[in-house]
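Computation of the quantities below employed the complete heavy-atom set of this structure, encompassing side-chain atoms and omitting hydrogens, waters and symmetry-equivalent molecules. Position 1 is the first residue of the sequence, and the numbers go up from there.
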Amino acid sequence: MLKLKNISKSYKGFALADISLEINKGDYFVLLGNSGSGKSLLLELIAGLINANSGEIHLNNKNITNSKIQKRNIGLVFQDYALFPHLTVRNNLLFPIRKNKNKAEKAIKIAELLNITNLLERFPEKLSGGEAQRVALGRTLITNPEILLLDEPLSSLDVQLRGGLRHLLKKINRQGQTIVHVTHDYDEAIALASRVAVIDNGKIIQVGDTESVFKNPSSEFIANFIGLKNFFKSVLHTNNGKSFVLINNSTKICLLSDKKDGEGFVMIRSEDIFVYDKYTESSALNNFEGIIRDAVPSRLGIEISVETPLIFWVLITKESFERMNLGEGKKVWISFKASAVKFLKT
Ligand code: ADP
Ligand code: MG
């Protein structure tokens, strides 16, 4: 198990602040954050390329805070591959274990795992981006790292190659390799992670299993980050044990809440809102009449915006969209349950 305890590191103008994380053996741990949030710095700290100002790093109950890079048994694959241009793929793979016995066999085994056996005699300049990335991965895996750190390993590949490499990374993880993968791409996190931490401006703002992080974003930052569009500043009120929020002092939305009255944000996931082409009785407490203002195809279906006057985004399937003959300017009714409304106090 890898444990970061209250790690801090400051630069002029940027600081990683009081970072504590636990990464279990076998985890596929994704660290998600925007560009400049401190992801690469954190990996470099774990790998031992830089030292923290304070805090400790423990690996399998051993304090490695001051251990040299070579003694940590942690492998880092850089974002830009950094292969040795003057060495063939085979010699790039062999480089970290050049003093070991059985090194030739090891290189062959790794090449098979990564499907690069046919590239062994090539030089890096003759490799595609996806091939170079697999060689870089192989050069680190060959050292049998306890933890494999990946810095945005898919970001410079095109979409098709990404799929293949994701698959490969999952396979390596299933074979028992603990992986810490940093990315700014939440799709990637959803696709790969068993656990996710979100980093914003040098601070970890949420950690958990993938589903709980994405289903229950704990801050406006994460909600925005994952494209949640029904996100409104509001005031919570409770009356006779029933909770509701007021948005813009006019729209009332019922919810289940045990929080104290006050200001905050409400969020409703676009897939939790139902749309009808005529008025429909439902048990849902929240019902609005509105006009479709926009319809945008998305990865999962069609996102429509409904002006009620408050604008709600609703995700529906292409089939429903066509069956109800929806389109811009059409009058619709939307409904969602009180339990679909999340309130975050500010
Ligand atoms: P990310 O990988 O999330 O995009 P980085 O970890 O590379 O972000 O950088 C986080 C911040 O730290 C950036 O604002 C960057 O300018 C700053 N930074 C990184 N390295 C140094 C350094 N050696 N000296 C000063 N600032 C640095
Ligand atoms: Mg980076």
Side-chain angles (χ1 to χ4, degrees), residues 1-79 140-141 143-153 169 172-173 176-186 188-189 192-214 216-222 225 344:
M1 186 205 261
L2 178 70
K3 253 190 196 172
L4 307 190
K5 297 185 181 174
N6 311 102
I7 290 284
S8 294
K9 174 80 177 175
S10 329
Y11 291 100
K12 212 169 161 229
F14 184 81
L16 284 175
D18 200 24
I19 294 199
S20 295
L21 283 177
E22 291 190 3
I23 293 156
N24 295 316
K25 197 166 168 52
D27 268 354
Y28 199 121
F29 194 94
V30 172
L31 182 68
L32 182 62
N34 283 330
S35 174
S37 57
K39 304 183 297 296
S40 295
L41 277 178
L42 190 58
L43 287 192
E44 287 166 19
L45 270 162
I46 297 171
L49 296 171
I50 51 178
N51 287 316
N53 301 128
S54 59
E56 293 185 359
I57 305 175
H58 292 237
L59 181 58
N60 298 336
N61 296 322
K62 194 173 141 212
N63 186 340
I64 59 163
T65 315
N66 299 311
S67 305
K68 289 206 171 111
I69 302 171
Q70 304 82 343
K71 296 266 165 39
R72 291 193 181 204
N73 200 16
I74 291 177
L76 170 60
V77 181
F78 293 97
Q79 186 169 359
T140 302
L141 278 176
T143 62
N144 276 331
E146 178 80 26
I147 313 272
L148 177 65
L149 307 176
L150 305 172
D151 195 351
E152 311 227 13
L169 292 173
I172 293 167
N173 174 245
Q177 178 69 56
T178 309
I179 295 179
V180 180
H181 174 145
V182 314
T183 181
H184 62 271
D185 180 347
Y186 73 89
E188 212 164 288
L192 289 167
S194 54
R195 294 213 309 139
V196 177
V198 181
I199 183 169
D200 182 29
N201 194 23
K203 293 190 190 70
I204 300 289
I205 56 173
Q206 193 172 6
V207 190
D209 63 77
T210 311
E211 194 177 357
S212 71
V213 168
F214 287 101
N216 305 295
S218 69
S219 70
E220 181 181 8
F221 170 78
I222 302 178
F225 201 64
L344 299 173

Might you work through the side-chain contact (heavy atoms from CB on, under 4.5 Å) test for Thr210 and Tyr28, ending with a clear yes or no? CA-CA 10 Å; Thr210 311; Tyr28 199 121; over 6 Å; no

About how many Å separate [atom2] of [Y] and [atom1] of [X], when rounded to the nearest 0.5 Å?
X      : Y      : atom1 : atom2 : result
Ile23  : Met1   : CD1   : CE    : 10.0 Å
Glu152 : Leu43  : CD    : CG    : 9.5 Å
Lys25  : Thr178 : NZ    : OG1   : 5.0 Å
Asn63  : Glu56  : CG    : CD    : 4.5 Å
Leu4   : Ile57  : CG    : CD1   : 5.5 Å
Leu169 : Gln177 : CG    : CD    : 10.5 Å

Step by step, would you call Glu146 with Asn60 a side-chain contact (heavy atoms from CB on, under 4.5 Å)? CA-CA 9 Å; Glu146 178 80 26; Asn60 298 336; 3.1 Å; yes

Any idea which heavy atoms bring [X] and [Y] closest together, and the distance?
X      : Y      : answer
Ser8   : Ala52  : O-CB, 3.5 Å
Gly26  : Asn173 : O-ND2, 3.2 Å
Asp200 : Ser37  : CA-CB, 4.3 Å

Could you walk me through whether Ile147 and Ile46 pass side-chain contact (heavy atoms from CB on, under 4.5 Å), step by step? CA-CA 10 Å; Ile147 313 272; Ile46 297 171; 5.6 Å; no

Name of the residue among [options] meeting side-chain contact (heavy atoms from CB on, under 4.5 Å) with [X]:
X      : options               : value
Arg72  : Ile69, Ile74, Leu76   : Ile74
Ile179 : Val30, Leu192, Leu150 : Leu150
Phe29  : Leu2, Val196, Leu21   : Leu21

Side-chain contact, heavy-atom cut-off 4.5 Å: [X] with [Y]?
X      : Y      : value
Asn201 : Phe14  : yes
Leu41  : Lys9   : no
Val182 : Leu149 : no

Would you tell me whether Asp185 and Thr183 have side-chain atoms, one donor and one acceptor, within less than 3.5 Å of each other? no

Do the side chain of Lys39 and the main chain of Gly33 share a donor and acceptor less than 3.5 angstrom apart? yes

Given the rule in the side-chain contact (heavy atoms from CB on, under 4.5 Å) test, do Ile64 and Asn73 qualify, once you have shown the distances and angles that lead to the verdict? CA-CA 10 Å; Ile64 59 163; Asn73 200 16; over 6 Å; no

